[in-house]
S.K.: 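My questions will all concern the structure given below.
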Amino acid sequence: MFQAMPYDGTRSERFETVLTQLVALIKDEPSAMANLANASALLKHALPDTNWAGFYLFDGNELVLGPFQGLPACIRIPLGRGVCGTAATERRTLVVDDVHTFPGHIACDAASNSEIVVPLIRGGELLGVLDIDSPLKDRFDDEERRFLERFAAIIVEAI
């Protein structure tokens with residue numbers, strides 16, 4: 001049974017704890033949806049000052065809403081559109097300090113002001129994206145980007 005660990009210590013130590021928790025959550029679970037659902041809940045719980053954490057999955061044509069924590073969201077996002085679609089198309093993590101200045105930003109939640117999107121890629125194939133939103137501007141930094149890329153790599157292996 002999964003047991004949440006406290007998030008004490010330095011920020012780096014907290015990130016390591018979350019990664020350890022993720023591995024424990026998805027160990028021996030074959031369901032991609034269950035793993036993505038638990039992963040989004042873990043991130044929403046572990047990352048302060050966030051209002052949305054979840055996944056969009058690539059269906060071969062566009063990104064489709066997957067498991068998430070937060071307010072209802074846009075269901076479909078075309079590749080190349082918004083932060084999620086751009087990160088998916090460019091296959092690179094995007095950290096946007098102010099989403100209102102991002103060309104083509106899709107405003108699913110008016111309270112969101114910054115965003116980080118990490119593409120989920122296995123063997124060159126796009127599986128989807130991990131998307132985290134915050135009501136704060138400049139919320140995400142380089143250390144958090146590296147942590148979320150490691151988080152996404154663990155997810156990619158599990159789905």
S.K.: If every non-hydrogen atom of Pro30 is compared with every non-hydrogen atom of Asp28, which pair is closest and at what distance?
M.R.: CD-O, 3.4 Å
S.K.: Rounded to the nearest 0.5 Å, how far does CG of Leu136 lie from CG of Asn113?
M.R.: 7.5 Å
S.K.: Minimum heavy-atom separation for Asn61 to Asp59, with atom names?
M.R.: N-OD1, 2.8 Å
S.K.: Side chains of Leu63 and Leu79, heavy atoms from C-beta outward: is any pair under 4.5 Å?
M.R.: yes
S.K.: For Val18 and Leu42, run side-chain contact (heavy atoms from CB on, under 4.5 Å): C-alpha distance rounded to whole Å, both residues' side-chain angles, the deciding distance at 0.1 Å, then the answer.
M.R.: CA-CA 8 Å; Val18 172; Leu42 178 62; 4.0 Å; yes
S.K.: Side chains of Gln69 and Leu43: does their closest heavy-atom pair fall under 4.5 Å?
M.R.: no
S.K.: Looking at every heavy atom in both Phe68 and Ala73, which two are closest together, and how far apart are they?
M.R.: CZ-N, 4.5 Å
S.K.: Which is it for Leu148 and Leu47 under the side-chain contact (heavy atoms from CB on, under 4.5 Å) test, yes or no, and what are the steps along the way?
M.R.: CA-CA 11 Å; Leu148 290 169; Leu47 297 176; 4.3 Å; yes
S.K.: With sequence neighbours left out, what residues match Ala153 under side-chain contact (heavy atoms from CB on, under 4.5 Å)?
M.R.: none
S.K.: Would you give the length of the straight line joining atom OG of Ser12 to atom CZ of Arg146, rounded to the nearest 0.5 angstrom?
M.R.: 8.0 Å
S.K.: Do you know the tightest heavy-atom contact between Ile26 and Ala158?
M.R.: CD1-CB, 3.4 Å
S.K.: Quick one: are Leu57 and Leu36 in side-chain contact, heavy atoms under 4.5 Å?
M.R.: yes
S.K.: Would you indicate whether the side-chain heavy atoms of Glu144 and Phe15 approach each other to under 4.5 Å?
M.R.: yes
S.K.: Are Phe147 and Ile154 linked, directly or through other ILVMFWY residues, by side chains that come within less than 4.5 angstrom of each other?
M.R.: yes
S.K.: Is there a side-chain contact (heavy atoms from CB on, under 4.5 Å) between Lys137 and Asp97 once you walk through the steps?
M.R.: CA-CA 5 Å; Lys137 289 184 180 177; Asp97 294 332; 6.0 Å; no
S.K.: Determine whether Leu130 and Ile75 fall in the same hydrophobic cluster, where Ile, Leu, Val, Met, Phe, Trp and Tyr are linked whenever their side-chain heavy atoms lie under 4.5 Å apart.
M.R.: no
S.K.: Return the minimal non-hydrogen interatomic distance between Gly80 and Thr86, and the atom names on each side.
M.R.: O-OG1, 3.6 Å
S.K.: Any salt bridge linking Arg81 with Glu62? Criterion: basic side-chain nitrogen under 4.0 Å from a carboxylate oxygen.
M.R.: no
S.K.: According to a 4.5 Å side-chain heavy-atom criterion applied to Ile, Leu, Val, Met, Phe, Trp and Tyr, with indirect links allowed, do Val64 and Ile155 form part of one hydrophobic cluster?
M.R.: no
S.K.: Could I get the full list of side-chain contact (heavy atoms from CB on, under 4.5 Å) partners for Ile121, not counting sequence neighbours?
M.R.: Arg91, Pro119, Leu126
S.K.: Ignoring hydrogens and angles, state whether a donor on the side chain of Asp138 or Ser114 is under 3.5 Å from an acceptor on the partner side chain.
M.R.: no
S.K.: For Cys84 and Tyr56, which heavy atoms make the closest approach, and how far apart are they?
M.R.: SG-CD1, 4.1 Å
S.K.: Around atom CZ of Arg150, are there more than 12 heavy atoms of other residues, nucleotides or ligands at under 6.0 Å?
M.R.: no
S.K.: Find the distance between CZ (Arg139) and CD (Glu115) and round it off to the nearest 0.5 Å.
M.R.: 13.0 Å
S.K.: According to salt bridge (charged side-chain N to carboxylate O under 4.0 Å, His left out), who are the partners of Arg92, at least two apart in sequence or on a separate chain?
M.R.: Glu90
S.K.: If you group Ile, Leu, Val, Met, Phe, Trp and Tyr by side-chain heavy-atom gaps below 4.5 Å, do Val118 and Leu127 land in one group?
M.R.: yes
S.K.: Could you go through the side-chain contact (heavy atoms from CB on, under 4.5 Å) check for Leu120 and Phe58 one step at a time?
M.R.: CA-CA 9 Å; Leu120 305 174; Phe58 185 57; over 6 Å; no
S.K.: State plainly whether one hydrophobic cluster holds both Leu65 and Ile77, where clusters connect Ile, Leu, Val, Met, Phe, Trp and Tyr through side-chain heavy atoms under 4.5 angstrom apart.
M.R.: yes
S.K.: So how far is it from Asp133 CG to Lys44 NZ, rounded to the nearest 0.5 Å?
M.R.: 10.5 Å
S.K.: Rounded to the nearest 0.5 Å, what separation is found between the CD atom of Glu16 and the OG1 atom of Thr10?
M.R.: 9.0 Å
